[in-house]
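Everything below concerns the one structure shown next.
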Amino acid sequence: MLTIVVPERELYMSESNTFITVREHKLKLEHSLMSIYKWESKWHKSFINTTDKSVDETVHYIKCMTITQNVDALVYKCLTAENFRLINDYINDPMTATTFSDDHNQKKNRKIITAEVIYARMLMAGIPLECEKWHLNKLLTLLRVCESYQSPPKKMNRNEMISQRKALNAARRKKYNSKG
């Protein structure tokens with residue numbers, strides 16, 4: 001969870017030709033599957049695959065992330081550049097020490113990932129729905145770990161099999177002191 005402080009600010013309301021003071025607010029935010037689900041329900045596109053979000057889409061996602069109750073909509077108009085930087089850093093934080101070695105021979109999957117796809121992957125992996133409130137990167141890492149345990153072992157190519165057999169034969173020759 002991320003807590004940010006939105007500073008007090010004076011806003012001009014053109015409809016009423018007046019100035020309004022919006023007091024300082026503390027917002028608690030959670031980048032989770034539930035937040036993405038809410039965002040996708042409004043915008044009807046994949047949050048993860050959309051790289052060029054408009055200002056309205058970005059602010060709406062911050063609203064979806066907000067777990068603080070009864071926040072005035074004007075507070076979101078008072079977000080500072082520092083607030084946005086903190087939110088982006090939080091969203092991009094992996095939230096885990098788990099790393100994966102990427103197989104360069106494997107093609108990258110360009111499938112569109114939506115909240116429903118992630119929910120389906122959770123259910124297939126037996127991950128409880130309570131995890132929808134986890135930081136999204138932590139949840140995706142858990143899914144990837146579960147899927148790696150469920151996938152069949154990678155088959156060796158011909159050269160890898162030959163070199164493995166050579167190594168085994170050399171070890172046996174050394175162990176039994178033979179010339180093979």
Side-chain angles (χ1 to χ4, degrees), residues 1-6 9 11 22 25-155:
M1 179 180 5
L2 172 69
T3 302
I4 61 169
V5 177
V6 181
R9 192 165 155 197
L11 298 176
V22 180
H25 273 78
K26 276 189 182 178
L27 295 180
K28 291 183 180 183
L29 308 173
E30 188 66 65
H31 174 56
S32 65
L33 180 55
M34 187 182 296
S35 304
I36 288 176
Y37 184 78
K38 291 175 188 176
W39 187 88
E40 289 179 352
S41 294
K42 176 175 179 168
W43 299 100
H44 306 281
K45 59 183 175 179
S46 167
F47 177 85
I48 293 172
N49 295 97
T50 304
T51 55
D52 55 339
K53 295 172 189 70
S54 70
V55 174
D56 287 342
E57 291 171 337
T58 303
V59 171
H60 183 253
Y61 185 65
I62 295 169
K63 288 178 184 178
C64 293
M65 289 174 61
T66 303
I67 56 177
T68 306
Q69 299 291 316
N70 304 320
V71 177
D72 186 352
L74 293 175
V75 170
Y76 298 101
K77 292 182 184 239
C78 300
L79 290 167
T80 65
E82 178 64 11
N83 293 144
F84 281 107
R85 187 192 63 74
L86 289 170
I87 292 167
N88 277 331
D89 289 350
Y90 171 68
I91 288 172
N92 294 323
D93 188 340
M95 293 288 178
T96 181
T98 303
T99 58
F100 298 94
S101 61
D102 290 330
D103 186 356
H104 297 292
N105 296 333
Q106 201 174 29
K107 291 181 181 176
K108 295 283 184 186
N109 191 352
R110 295 290 180 197
K111 187 176 179 182
I112 294 176
I113 300 171
T114 63
E116 287 83 3
V117 170
I118 298 171
Y119 276 114
R121 288 173 59 193
M122 283 176 63
L123 293 173
M124 289 189 301
I127 298 172
L129 287 178
E130 294 84 48
C131 296
E132 71 183 351
K133 296 179 182 176
W134 283 13
H135 188 284
L136 185 68
N137 295 340
K138 192 174 192 107
L139 176 60
L140 292 176
T141 300
L142 177 62
L143 284 168
R144 192 167 172 190
V145 168
C146 289
E147 289 165 357
S148 73
Y149 279 110
Q150 293 172 347
S151 64
K154 181 185 163 200
K155 292 187 178 186

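Atoms considered below: every heavy atom in the structure, side chains included; atoms not considered: hydrogens, waters and symmetry mates.
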Notebook entry, point to check: Should L27 and V75 count as side-chain neighbours, where that means a heavy-atom distance under 4.5 Å?
Noted result: yes
Margin query: Taking I113's backbone N and O only, do any of them form a donor-acceptor pair with S46's side chain (distance below 3.5 Å, no angle check)?
Written below: yes
Margin query: Could you check whether any side-chain N or O of D89 sits under 3.5 Å from a backbone N or O of L86, counting only pairs where one atom can act as donor and the other as acceptor?
Written below: no
Checklist line | Closest approach of K38 to H60 (non-hydrogen atoms, all atoms of both residues) | finding: O-CE1, 4.2 Å
Check: In Å and rounded to the nearest 0.5 Å, what is the CG to CE distance from L142 to M122?
Finding: 8.5 Å
Item checked: All side-chain hydrogen bond (donor to acceptor under 3.5 Å, both in side chains) counterparts of N92, not counting sequence neighbours -> none
Check: Any donor-acceptor pair under 3.5 Å linking the side chain of R9 with the backbone of K77?
Finding: yes
Notebook entry, point to check: Heavy-atom distance under 4.5 Å between the side chains of L136 and I118, does that happen here?
Noted result: yes
Check: Closest approach of L11 and C78, non-hydrogen atoms and distance?
Finding: CD1-SG, 4.0 Å
Check: Quick one: does F84's side chain get under 4.5 Å of V55's, heavy atoms only?
Finding: no
Check: Got a sec, which residues hit side-chain hydrogen bond (donor to acceptor under 3.5 Å, both in side chains) with T58, two or more places apart in sequence or on another chain?
Finding: none
Note to self: Is any side-chain heavy atom of L79 closer than 4.5 Å to one of I4?
What the structure shows: yes
For residues 63-71, dump all side-chain donor-acceptor pairs below 3.5 Å to protein atoms at least two apart in sequence or in another chain.
| from | atom 1 | to | atom 2 | distance (Å) |
| --- | --- | --- | --- | --- |
| T66 | OG1 | I62 | O | 2.8 |
| T66 | OG1 | Y76 | OH | 2.9 |
| T68 | OG1 | K28 | N | 2.7 |

Checklist line | Rounded distance [0.5 Å steps], CE in M124 versus SG in C146 | finding: 11.5 Å
Item checked: Shortest non-hydrogen contact from A125 toward Q150 -> CA-NE2, 4.1 Å
Checklist line | E132 CD to S35 OG distance, which is reported to the nearest 0.5 Å | finding: 9.5 Å
Checklist line | Close side-chain approach of I36 and T114, heavy atoms under 4.5 Å | finding: no
Next item on the list: Answer yes or no: is there a donor N or O on one side and an acceptor on the other, between the side chain of T50 and the main chain of K53, under 3.5 Å?
Entry: no
Check: Got a sec, which pairs hit ring-ring contact (aromatic ring centres under 6.0 Å, His included) with one end in residues 116-153, sequence neighbours left out?
Finding: H31-H135, Y37-Y119, Y90-H135
Next item on the list: With sequence neighbours excluded, tell me which residues meet side chain to side chain contact (heavy atoms under 4.5 Å, CB included) with D93.
Entry: M95
Item checked: Closest contact, heavy atoms only, F47 versus E40 -> N-OE2, 3.0 Å
Checklist line | Least distance between heavy atoms, N137 atom then P94 atom | finding: CB-O, 3.6 Å
Next item on the list: Name all residues meeting the side-chain hydrogen bond (donor to acceptor under 3.5 Å, both in side chains) criterion together with K42; count only those two or more places apart in sequence or in a different chain, and write none if there are none.
Entry: none
Check: Salt bridge or not for R144 and E147, using N-O below 4.0 Å?
Finding: no
